[in-house]
Amino acid sequence: MSVAKRPADPKRKAPKGAARSERNWRHPLRSWLGSHRASARQALHQVRSYPFSSVLTVLVMTIALALPMGLSVLINQVEQLGVNWQKAAQISVYIEDGVSKERQQEQLAAIKTLSGVANAQLLDKELALAEFQQHSGMGDALLQLSYNPLPSVIVVTPSSIEGGAAALEPLRDRLAAIDGVEQVQIDLLWVERLAAILGMLERFTGGLGLLLIIALLLVMTNTIRLAIESRREEILVVKLVGGTDAFVRRPFLYIGVLYGLLAGVMAWLLLAAGLAWLNVTVQQVASLYQSDFALIGMPWPDGLTLVMGAMLLGLVGAWLAVGQHVRAIEPS
Amino acid sequence: MIRFERVSKRYPNGHQGLDNLDLHIRSGEMVFITGHSGAGKSTLLKLIMCMERPSSGAVHVGGQNLQELSSDDIPYLRRQVGVVFQNHQLLFDRTVFDNVALPLVINGTPPDEVGRRVRAALDKVGLLSKEGSLPIALSGGEQQRVGIARAVVHKPALLLADEPTGNLDPALSAEIMALFEDFNRVGVTVLIASHDLPLIAKLDHRMLTLDQGRLITDGE
Ligand SMILES: Nc1ncnc2c1ncn2[C@@H]1O[C@H](COP(=O)(O)OP(=O)(O)O)[C@@H](O)[C@H]1O
Ligand SMILES: [Mg+2]
């Protein structure tokens, strides 16, 4: 009999009994798979033998996952809405009264050639009046006027509003310098406000997510620590008959991954259901604003990321726990 | 097979487990270790299993100086030893079969071979019909035999037992000892710590006597 460091080199092992147990090592893959299967089965067994605390752990993890993920999905989709609004962001170029129609066409042509201009449209004062009458509900009042108080406007769509109003200043100056232009108005405030609010919410969600991930790791670590304690006797016996630390650890790592998987899937379902429920209200509100905006629900790549991330967190939490506790349990 | 060279073991609380012990046990021997409670019998077995480390001196098992083993190597040492320890008994939430299979599962034996070997071991201790039972449903003697089946299922070259008949009546104790003799007959080195002198005296094997950590008779 002699002692080998690793099963990898059966030849190193010398006489007698050792030679007999060599056999097992002829099937390294099978035995590896077999022992993983055993660990997975043990993990399931453990989860099933403590149904109440298992369910509780999974629920806490579910909430810790669903909260930041839900917020982040919501913010993403509202951002999407912001992008659409940004596309509609416009600069209004008011034309001095008395500029001829021909001159207005020249101005339009000149504006279209400016860099930074994606599109420009002339809305002459008659058209503007007609539109105003139609939409403002003040049509009759305007009909009382003997003249058209509205100016002609060239509506300019900037090719980019990256950087906000400040970045559009040079374009505004160039537009204002055109002969016969009375005033140039950039109305980006609301886009900037939305961006600022979303940015703040994103930070908030990031911070919340970080806190909840830490909480989740603590819950996981504590659950695994209790699981280890509850199997103390078994660990002692396993170590006594030659179980390596890795072998002892493995079922607990499986438990971590299993909890992660369950919590991830639960959080996904919860978010999918929650977003669908929220969507009913969102669509109602949006329709009041003549918008067909709707939440697109839980995108499945996000769902997969959620589940994978949850499994990884479960693994990390379990790893932290077994690292501390398994080595400390030694037969004596 | 086993060699102790001036081995002393002093526990952190100051108790002397073993005191300057020299000992040689050859492959294939069957040896009893006796002595009063506290004489150091369990300490001796624990040193062989690397459950304790000597304070001084060297322990060799199978030609390997245990001092040179790192903690990562210890499981591989233990896989080649079968142990029947009083306080490390069966797992009560597992069937007899699963208890006995443990050493095989640990060393990655393929499932079909696990089944074959577990049944062979249970057959040897006369408990083949109990493989599906939970240990709680067994008598004390049967539980001890399940422990023995677990200790031999992976065919170790060395079998250690610490007070294996501790809680059993004389008839059952004799049965258990007969089992150990059977294993010894097929070449397994057997080392049994026991203070059951009347029982040991009936059996014709080498007997070591410890007193306060010192070897007072070597039996050779
Ligand atoms: N884990 C331990 N910590 C401290 N002292 C111990 C420990 N184990 C044994 N001892 C002491 O070592 C001596 C030998 O004990 P032990 O080997 O258990 O004897 P035996 O098995 O012959 O009864 C005793 O004095 C005992 O108190
Ligand atoms: Mg003892």
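Every chain is numbered from 1, with letters handed out A, B, ... down the list of sequences. Everything quoted here is computed from the prediction, not taken from an experiment.
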Item to check | Contacting moiety of A:E330, where chain B heavy atoms sit under 4.5 Å | outcome: side chain
Next on the checklist: Is it the case that the side chains of B:E181 and B:H205 hold a donor-acceptor pair, with the cut-off being a distance below 3.5 Å and no angle test?
Outcome noted: yes
Next on the checklist: What part of A:V248 gets within 4.5 angstrom of chain B, counting heavy atoms only: side chain, backbone, both, or neither?
Outcome noted: neither
Checklist entry - What pair of heavy atoms forms the shortest contact from B:R79 to A:T244, and how long is it? => result NH2-CG2, 3.5 Å
Checklist entry - Non-hydrogen atoms of chain A under 4.5 Å away: do they reach the side chain of B:S42, the backbone, both or neither? => result neither
Item to check | Polar side chain donor-acceptor pair, A:S54 to A:Y259, under 3.5 angstrom | outcome: yes
Checklist entry - What residue, out of B:E52, B:R94, B:R78, has the most heavy-atom pairs lying under 4.5 Å from chain A? => result B:R78
Item to check | Closest non-hydrogen atom pair, A:S230 against A:Y50 | outcome: CB-OH, 3.5 Å
